[in-house]
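These notes are about the structure you will find just below.
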Amino acid sequence: MSRYAAREVEPKWQARWADARAFEVSRDPDRPKYYVLEMFPYPSGRIHVGHTRNYVMGDLVARYKRARGFNVLHPMGFDAFGLPAENAAIERGRHPEEWTRENMAVMREQMEPLGLSIDWTRELATCDPEYYGQQQALFLDMLEAGFVARRASVVNWDPIDQTVLANEQVIDGKGWRTGAPVERRELTQWFFRISDMAEELLSAIDGLDQWPDKVRLMQQNWIGKSRGIEIGFPLTEPLGAIDTVLCYSTRPDTLRGASFLAISPDHPLAKALETEQPEIAAFNAECRKTATSEEALEKAEKKGLDTGLAVRHPVYPDQTMPVWIGNFVLMDYGTGAVFGCPAHDQRDLDFARKYGLVVENAFRMPGSDADVDAEALVPPKTETVAYIDHFAGIGETTSQRGIDTTIDWMEARSLGNGVTRYRLRDWGISRQRYWGCPIPVVHCPNCGVVPEKKENLPVALPKDVELTGSGNPLARHPTWAITTCPKCGSEARRETDTMDTFVDSSWYFARFTAPRAKTPTEPAEAAYWMNVDQYIGGVEHAILHLLYSRFFARAMIATGHLPETAAEPFSALFTQGMLTHETYATRLADGRPRWHAPEEVRRSEDGATLVETGELVEIGQPIKMSKSKKNVIAPEDIIAQFGADTARWFVMSDSPPERDVEWTAAGVEGAARFLQRVWRMAAEMPVAPMGTPLPAMEADAEALRKATHKTVAGVTADIEGFAFNKAIARIYEFANAIGKASGAGADLDWARREAFEALARLINPMTPHIAEELWARLGYETMLVDTPWPHWDEDLARDDVITLPIQVNGKKRAELSVARDAAKDEIERLALDDPTVVRFLEGKPPKKVIVVPGRIVNVVL
RNA sequence: GCGGGCGUGGUGGAAUUGGUAGACACGUCAGAUUUAGGUUCUGAUGCCGCAAGGCGUGGGGGUUCAAGUCCCUCCGCCCGCACCA
């Protein structure tokens with residue numbers, strides 16, 4: 001019996017699938033459809049085995065659903081616009097498009113030997129004018145339908161390169177290339193008005209019952225609905241036209257303890273003061289040197305400056321409070337001003353202690369007279385607190401009731417307005433970059449902002465462009481922006497902003513249903529194929545990409561590009577874990593790590609050395625595979641050595657798919673060994689085709705039959721539940737059972753044949769090549785891609801006799817074999833007769849006997 | 001800082017969702033096959049203990065007949081934070 005030769009077998013079946021056009025699908029109203037999609041990759045270079053886990057998982061689902069009789073759509077494409085292509089241009093002088101298309105070709109080539117059941121005729125790349133032209137058409141429709149806004153917003157600005165920086169390009173508050181401290185700068189930008197849809201996007205989360213709870217929770221928190229109040233604080237002396245400062249608060253019940261006002265450095269009042277007072281101007285300028293990311297703002301040291309202004313307390317007009325500028329107050333949230341109540345907010349307390357401001361309790365815990373000292377008093381809103389001398393007459397009640405009552409009280413006296421707010425901000429899509437989808441509008445000196453005409457789409461990117469890292473390449477281009485106004489025909493200038501690449505990925509799933517259509521989508525195709533039945537990708541996209549796609553789906557319905565039923569485009573979501581690998585590093589002279597690829601390292605039990613020099617290597621924790629840490633494994637190396645099926649089997653085994661899995665050489669070898677074992681087993685299988693089961697079977701044959709049907713039922717349930725590691729464990733067990741059933745006899749032969757046929761079909765979604773080869777060896781001329789999933793007999797899959805554990809006082813002391821459907825009192829009687837139980841009882845009656853049929857017996861003494 | 005998650009033998013993990021902790025696999029050990037190595041096959045393998053038995057799911061506390069699972073608290077690691085994709 002020869003070894004299974006993946007290198008010859010795998011290409012053979014791939015060719016046969018291709019010849020049969022097995023994975024090219026079209027709309028077929030007579031068959032149920034199933035749309036499975038993995039988040040499409042960014043073509044960053046070569047893929048590593050980490051990527052393959054994602055595609056193999058999708059392929060497993062696709063092949064399984066196909067066997068279950070579905071018309072399966074399983075497409076692939078590339079998220080091809082983005083920053084890394086521009087970086088390659090800046091650093092290596094490559095044209096972004098050339099670099100991107102080269103990477104795409106390499107990645108496609110790397111994916112092919114994996115044997116994925118992908119319909120490559122539907123391939124798309126977001127940098128194709130065919131794709132982004134339709135995206136521009138979508139944009140124009142959304143503009144007309146009122147989903148688009150244009151207004152000022154803040155960006156990271158590199159003062160030396162005169163360019164906008166992505167958050168990623170800001171390192172410790174400095175520009176990545178120039179090292180210059182980053183400034184915040186206002187720019188007029190394009191926005192999608194996603195915040196108008198906040199309530200809808202929030203309430204619809206309830207319907208996403210096939211999404212992970214954690215993702216739904218993250219989305220809810222991101223949208224961040226809050227009920228609060230806007231309160232006007234009158235200035236003791238008006239400053240120009242400004243006579244009140246409007247604050248938003250979700251904790252108006254603490255208003256009694258308010259001791260200062262904090263406004264954003266970008267608040268109109270702060271800006272007004274800036275012009276007169278150099279000290280304030282300097283402070284504000286300093287504040288604006290923080291990067292724009294929320295993380296950077298929150299982590300920055302909390303600083304403030306007293307403006308010298310004061311406001312009156314709205315409820316106690318005799319009391320005045322100082323107005324401070326605080327670097328932690330964001331102009332984008334609420335009103336850009338907050339009142340500080342140090343006793344009941346830790347940040348306010350820290351601020352108050354730092355600058356010597358008043359700390360006064362608004363409430364205490366019931367029965368306590370302790371004042372706030374080092375820690376702010378912030379009990380859960382459902383907990384009862386004792387308000388101190390509250391203006392609305394609130395005594396002991398929950399904070400939630402305190403808040404509601406305060407809002408009512410203040411509204412009744414016109415001191416404030418109760419409002420519902422969302423944390424969700426509008427989606428700024430303007431990018432001052434080359435490698436993205438141009439925003440299809442024109443700036444006309446006569447007509448202002450004018451949408452480009454649809455017949456002029458696509459507004460294509462120019463090929464001749466100079467990328468240096470400074471300025472905006474499209475704006476610098478000598479001729480590209482010069483055009484005529486679509487309305488009046490006079491000379492006008494194109495918009496030089498391109499779209500955020502998140503826009504590209506917010507509708508590609510819809511485009512896959514009709515990738516060559518001359519409109520963004522094709523109604524009949526979209527109606528048939530949408531929604532995506534199973535979407536698979538990393539948790540890192542749990543918020544932004546998914547939220548934007550949900551917004552886009554609704555906007556596409558409103559503009560007639562998707563059917564009403566597609567509002568939630570992803571019916572089921574699965575977030576898979578990453579593939580990790582140890583890192584290997586030696587130290588450079590200056591102490592910085594120098595990373596080494598796994599193939600450069602000789603790994604032994606207690607350490608690692610460099611293959612070439614024998615130098616000792618530091619072994620780092622397994623982390624996500626990344627080019628920069630060199631801890632990547634190339635799929636082609638694994639395929640060359642073991643074959644695609646081994647790689648596929650390994651990445652699906654052991655770890656649950658939602659968790660990270662560490663790539664280890666030993667694990668891969670184990671996978672390869674298993675496939676070889678299955679291959680050897682095939683040689684021992686009866687070649688006779690199967691007829692009907694023999695009427696009477698010996699016990700061992702009957703036992704194997706039961707194992708077969710139990711396994712098929714179990715693997716089916718595991719795959720449906722995305723428990724692929726468990727499905728594989730079950731298959732291992734099953735293979736062990738087949739291997740052990742080695743006696744002679746016609747009935748055992750029959751059972752072994754049945755078992756092995758089931759085995760070949762069960763491993764098919766994971767390891768399709770060897771499964772096809774086994775199927776052919778079993779004498780079948782049809783391919784497994786066209787073979788239905790094995791069925792199972794419920795009666796055979798069920799155990800008639802089960803083993804129940806018997807506990808005494810919660811500790812397992814004995815076991816009991818009973819009929820599966822034994823009655824409760826019958827089980828109790830048998831348990832109390834058990835010799836071990838009798839010994840523990842010492843002749844006394846038990847205090848209590850708990851019988852959970854089918855589960856456990858617990859005798860309490 | 002804020003939001004979310006994870007933590008189980010030497011290792012990856014399983015545990016029917018409150019009911020036998022450690023399925024399955026890797027590794028290790030022993031035996032068989034083999035000229036040898038590799039392969040393959042068989043068996044053992046949570047820890048302590050000769051045993052009876054005891055201990056055991058990151059640490060501490062709690063609820064329960066029963067806790068890996070629920071609650072409180074602490075520790076460690078990972079992901080996201082709106083211009084990375």
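Here is the naming used below: chain letters follow the sequence lines, and residue numbers restart at 1 for every chain.
- Across all strands shown, B:A66 has no partner, as no Watson-Crick or G-U wobble contact with both distances under 3.5 Å is found.
- Going from atom NE2 of A:His51 over to atom C1' of B:A85 covers 10 Å, rounded to whole Å.
- When the nucleotides B:A85, B:C65, B:U16 are ranked by their closest atom to the side chain of A:Arg855, B:U16 comes out on top.
- Computed from coordinates, the A:Leu165 CG to B:C83 P distance equals 13 Å when rounded to whole Å.
- Applying the 4.0 Å criterion to OP1 and OP2 of B:A14, one finds that A:Arg659 has a side-chain N or O inside that range.
- Set against B:C83, B:A82, B:C24, the side chain of A:Ala729 has B:C24 as its closest nucleotide.
- When each of A:Thr498, A:Thr501, A:Asp500 is checked for a side-chain hydrogen bond (donor to acceptor under 3.5 Å, both in side chains) with A:Arg431, only A:Asp500 meets the rule.
- Pair check for B:U33 finds none; no Watson-Crick or G-U wobble contact set falls under 3.5 Å.
- Of the nucleotides present, none pairs with B:G38 by Watson-Crick or G-U wobble criteria with both distances under 3.5 Å.
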Write down the protein N/O and nucleotide N/O pairs, taken from nucleotides 37-43 of chain B, whose separation is under 3.5 Å; answer none if there are no such pairs.
| residue | atom | partner | partner atom | Å |
| --- | --- | --- | --- | --- |
| B:U40 | O3' | A:Arg680 | NH2 | 3.4 |

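- Of all nucleotides listed (B:A85, B:G13, B:C55), B:C55 comes nearest to the side chain of A:Lys811.
- Every residue two or more places apart in sequence or in another chain that forms a side chain to side chain contact (heavy atoms under 4.5 Å, CB included) with A:Ser195 is listed here: A:Asp426.
- Two residues are said to be in side-chain contact when any heavy atoms from C-beta on lie closer than 4.5 Å; A:Ile194 and A:Leu424 meet this criterion.
- Looking only at atom types and distance, the side chain of A:Gln162 has no donor-acceptor partner in the side chain of A:Asp158 under 3.5 Å away.
- Each of B:U20, B:G19, B:G3 was ranked by its minimum atom distance to the side chain of A:Val852; first place goes to B:G19.
- The side chain of A:Lys214 sits closest to B:G5 out of B:G5, B:C81, B:A14.
- When the P atom is compared between B:G4 and B:U73, the two are found 14 Å apart, to the nearest whole Å.
- For B:G49, the glycosidic angle deviates from 0 by more than 90°, giving an anti base.
- Atom name C1', nucleotides B:C70 and B:U17: the rounded distance is 11 Å, in whole Å.
- Nearest to the side chain of A:Ala666, among B:G13, B:C26, B:A82, sits B:C26.
- B:A15 and B:U69 have their P atoms separated by 15 Å, given to the nearest Å.
- Ring geometry for A:Phe674 versus A:Trp649: interplanar angle under 30°, hence parallel rather than tilted (30 to 60°).
- Comparing the C1' positions of B:U40 and B:G22 gives a spacing of 28 Å, expressed to the nearest Å.
- For A:Arg423 and A:Glu294, the salt-bridge test passes: some basic side-chain N is under 4.0 Å from an acidic carboxylate O.
- B:G46 sits 4 Å from B:G9 when the C1' atoms are compared, rounded to a whole Å.
- Out of B:G13, B:A82, B:C83, the shortest distance to the side chain of A:Pro656 is found at B:G13.
- The distance between atom OH of A:Tyr548 and atom C1' of B:A82, rounded to the nearest whole Å, is 5 Å.
- Applying the Watson-Crick and G-U wobble criteria (two distances, each under 3.5 Å), B:G3 pairs with B:C79.
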Take A:Tyr548 and A:Leu546, measure what side chain to side chain contact (heavy atoms under 4.5 Å, CB included) needs, and give me the verdict at the end. CA-CA 5 Å; A:Tyr548 291 155; A:Leu546 292 169; over 6 Å; no

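- Enclosure of atom NZ in A:Lys302 by more than 12 non-hydrogen atoms of other residues, nucleotides or ligands within 6.0 angstrom is indicated.
- Shown here, B:U17 forms no base pair; nothing in the strands shown gives a Watson-Crick or G-U wobble contact with both key distances under 3.5 Å.
- Applying the 3.5 Å distance criterion, the base of B:C81 shares a donor-acceptor pair with the side chain of A:Glu295.
- Comparing the P positions of B:C29 and B:G13 gives a spacing of 24 Å, expressed to the nearest Å.
- When each of B:C24, B:G19, B:A15 is scored by its nearest atom to the side-chain atoms of A:Lys726, the top-ranked nucleotide is B:A15.
- Between A:Arg288 and A:Asp266 there is a salt bridge, since at least one side-chain N of the basic residue sits less than 4.0 Å from a carboxylate O of the acidic one.
- In this structure B:U45 sits in a base pair with B:G27, meeting the Watson-Crick or G-U test at under 3.5 Å.
- Between A:Val164 and A:Val215, the residue whose closest nucleotide on RNA chain B is further toward the 5' end is A:Val215.
- With RNA chain B read from its 5' end, the first of the two nearest nucleotides for A:Asp500 and A:Thr803 is the one closest to A:Thr803.
- A distance of about 12 Å separates the C1' atoms of B:C71 and B:U64, rounded to the whole Å.
- Of the candidates B:C84, B:G5, B:A82, B:G5 carries the atom nearest the A:Leu217 side chain, counting heavy atoms from C-beta on.
- The nearest whole Å value for the distance from the CZ atom in A:Arg431 to the C1' atom in B:A85 is 12 Å.
- In this structure, CD of A:Glu540 is placed 17 Å from P of B:G5, rounded to the nearest angstrom.
- Listed by chain and residue number, A:Phe650, A:Ile728 satisfy the side chain to side chain contact (heavy atoms under 4.5 Å, CB included) test with A:Ser653 (two or more places apart in sequence, or in another chain).
- Taking atom C1' in both B:G56 and B:G49, the straight-line distance is 15 Å, to the nearest Å.
- Comparing B:C81, B:A25, B:C84 by their closest approach to the side chain of A:Leu83 singles out B:C84.
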